[in-house]
Amino acid sequence: MDNLKAIVESLLFVSDTSLTIDKIKTVLEIEDRKAIHNVLTTLAEEYESQKRGFFLAEVAGGYQLRTRPEYGQWIRRLKQTRPARLSRAALETLAVIAYKQPVLRSDIEHLRGVDCGGILRMLLERRLIRVLGRKDLPGRPIIYGTTKRFLELFDLKDLGDLPTPKDLQALGEAWPNDST
Amino acid sequence: MDNLKAIVESLLFVSDTSLTIDKIKTVLEIEDRKAIHNVLTTLAEEYESQKRGFFLAEVAGGYQLRTRPEYGQWIRRLKQTRPARLSRAALETLAVIAYKQPVLRSDIEHLRGVDCGGILRMLLERRLIRVLGRKDLPGRPIIYGTTKRFLELFDLKDLGDLPTPKDLQALGEAWPNDST
Amino acid sequence: MVEQIQDQTPYYVHLGDLFDGPMDLLVHLVKKNELDIYDIPIALITKQYLEYLKLMKALNIDIAGEFLLMAATLVHIKSRMLLPTQDEPEGEEDDPRMEIVRPLAEYLQLKYAAEDLVKRNQLDWDVFVREHCDDDTEFVDEGSENLVQVSLFELIDAFQEIIKQVSPEHFLNITVDTISVKSRISQIADILEQRGSVTFQKLFETQATKGDIIVTFLAILEMARSQVIRIMQHVSSGIIRIFHG
């Protein structure tokens, strides 16, 4: 396949989730992971050097074309939509789950000092968190964890991409905003 | 706007309909039709000369990025492997089966209040549900249950991890503010 | 008939709907007073915390149990601080304040983590993928870059200022009925429809009685909570302005 680069690009172009190398292998029926990896690297470099309007993002274990963040303002104007942004309370709850998973509702509420039932429900409905299992405790409480969608939403390669608590502390010289 | 080309490209990239020059003018708040036209021409030429996986099509009085027709076969293969989204009705049916299994079609239809024949067939084809057996009743009705694939689709280890309606109730109401 | 009766019931807001719980209120107070969380003047914080609860109560806002529990904890720590220390000077471990310092420190870290998430390139806000999205919901103009979103706490601080100007005494025993809040909400909505935005102060200018002021304030809170409006503060002038959500 001498036009492998263009074909991979067309796949990336139409895919609405991040594409793994394995997936590309299956679709194109080729065995050469290395070749696919090289093509992806070349594409990413081209988008950079040519200052295209989009870039190749590595998210949730795969690759995805995304528009450059600096043009977000124009795209929001084009779409004229207000995406459902998460509230601060929801973000905090997500942060607890991301860092402490596998985690129980009671642990989350202990940390946040408030009831989180409604937020957990909403996060489940939006598939940003999921049920990892149940704990062997009275009432068999649900254990929560984050999903692939969570990674996609926040542009994370994997959970290791989150700053460590130490990084956060360093970042914490300025007070966190308490804007709603 | 010195990065006009990249911005216009990012707009074309996200737009799901063809973009007219007028629309681009409005979004970017610029008056210069000629500049936009030039940028579009440049982009079209670049996609050609660089043999990208997509091209700039002039359709319906506007412009739209489209994958090259010669790669259509690969894109169709990609789309086939993509897990199709389930309709609301299919999800409801699946939920009834998940919670009530082993369950008869008549029970499902009684609960949902509508005929489910088509949906059951589709769920069977997608291997999300399976025939567990036949009940010792007149007509020997089929007993349905969910599959391993169902668990995979919903990121569940086993059926015991499925959140119960009671679990959801325990979470309380979802926050209306977040479900925007 | 039934509706009428319901509408005459006192206006009822749950504090937990407006604020993120007692920890959030504590963080706000610590931040406002520019305190070191590891050396909190417990008497000051307790006093301000209780003042908040008092104001909420005066506004007929239902205070959730966790807020009261925190109040009790603060008061308890305060009283333990007053006890004469025995023999040796206290080590950090014996400092009664540690009871809230540890959870507070952990809570702060969580807030930083949440903030870090916000700073990332969020899908469908900063970055977009090609997808066929439905184009409902309304157009949002992000407005001037010199505006920052304000928290409800800051709003209450601003409200306290207004009360001070109008009447220094307390205003307990004022019943606010749902009808007046509802009609005030629709008045404010009218104003916003005409002008797009209005300053916080402006909404109170025409108000005569204390009751009216509270009605206006509750209307604003309710509108902010249901995201009908957005409340922004000008960075340099400090003027708070209310926008259509």
Side-chain angles (χ1 to χ4, degrees), chain A residues 3 5-17 19 23-24 26-29 46 50-54 65 67-68 70-72 74-75 77-79 82-87 89-90 105 115-127 130-134 140 142-143 147-148, chain B residues 1 3 5-16 19 23-24 26-29 43 46 50-54 65-68 70-83 154-158 160-164 167-180:
Chain A
N3 40 16
K5 194 180 79 180
I7 295 176
V8 170
E9 188 176 50
S10 72
L11 293 181
L12 289 165
F13 184 81
V14 294
S15 176
D16 53 3
T17 59
L19 272 186
K23 181 80 174 195
I24 299 174
T26 314
V27 170
L28 301 187
E29 287 174 329
E46 283 179 6
Q50 298 178 6
K51 296 192 202 310
R52 304 245 71 107
F54 45 82
L65 291 181
T67 58
R68 278 188 194 285
E70 52 265 47
Y71 306 141
W74 303 112
I75 295 163
R77 281 179 58 99
L78 174 73
K79 296 213 160 196
R82 182 179 203 187
R85 295 206 92 188
L86 293 168
S87 69
R105 172 178 174 183
D115 180 276
C116 297
I119 293 173
L120 288 175
R121 191 185 178 136
M122 181 275 294
L123 294 174
L124 278 170
E125 276 167 12
R126 284 206 180 179
R127 300 194 71 180
R130 64 190 170 124
V131 175
L132 290 181
R134 286 173 186 277
R140 300 201 67 224
I142 292 177
I143 305 167
T147 60
K148 186 179 165 207
Chain B
M1 236 177 272
N3 39 17
K5 193 179 82 182
I7 296 175
V8 169
E9 187 175 49
S10 73
L11 294 181
L12 288 165
F13 180 82
V14 294
S15 179
D16 52 3
L19 273 184
K23 179 77 182 183
I24 299 173
T26 315
V27 169
L28 301 187
E29 283 173 336
L43 284 173
E46 284 179 6
Q50 297 179 6
K51 299 193 197 310
R52 303 245 72 108
F54 45 83
L65 290 182
R66 293 186 168 188
T67 54
R68 280 189 191 284
E70 54 263 47
Y71 306 141
Q73 49 164 327
W74 304 113
I75 291 162
R76 282 192 298 278
R77 280 180 58 95
L78 174 73
K79 299 239 170 192
Q80 271 162 15
T81 60
R82 191 177 59 173
F154 290 96
D155 271 332
L156 293 163
K157 269 211 295 280
D158 66 57
D161 288 343
L162 195 66
T164 65
D167 290 327
L168 277 189
Q169 216 155 37
L171 290 176
E173 300 265 308
W175 277 30
N177 285 359
D178 284 313
S179 50
T180 335

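Below, chains carry the letters A, B, ... as their sequence lines are ordered, and counting in each starts from 1.
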Member of A/V8, A/L11, A/N3 meeting the side chain to side chain contact (heavy atoms under 4.5 Å, CB included) criterion with B/Y71: A/N3

Counting only non-hydrogen atoms closer than 4.5 Å, does A/L19 touch chain B with its backbone (N, CA, C, O), its side chain (CB onward), both, or neither? side chain

Could you look at A/E46 and say if it's the side chain, the backbone, both or neither that has a heavy atom under 4.5 Å from chain B? side chain

Could you tell me how the ring of A/F54 sits relative to the ring of B/F54: parallel (under 30°), tilted (30 to 60°) or perpendicular (over 60°)? perpendicular

Please state whether the side chain, the backbone, both or neither of B/L43 comes within less than 4.5 Å of a heavy atom of chain A. side chain

Structural part of B/R68 lying under 4.5 Å from a heavy atom of chain A: neither

Name the option with the most non-hydrogen atom pairs under 4.5 Å to chain B; the candidates are A/L65, A/I24, A/L123. A/L65

Which pair of heavy atoms, one from A/I75 and one from B/S10, lies closest together, and at what distance? CD1-OG, 3.9 Å

Considering all heavy atoms, the nearest A/A6-B/K51 contact: CB-O, 3.5 Å

Within this structure, what is the CZ-OG1 distance for the pair A/R77 and B/T26, rounded to the nearest 0.5 Å? 8.5 Å

Side-chain contact test, heavy atoms from C-beta onward, threshold under 4.5 Å: evaluate it for B/K23 versus A/L78 and give yes or no. yes

Apply side chain to side chain contact (heavy atoms under 4.5 Å, CB included) to residues B/E9 and A/Q50 and explain how you reach the verdict. CA-CA 12 Å; B/E9 187 175 49; A/Q50 298 178 6; over 6 Å; no

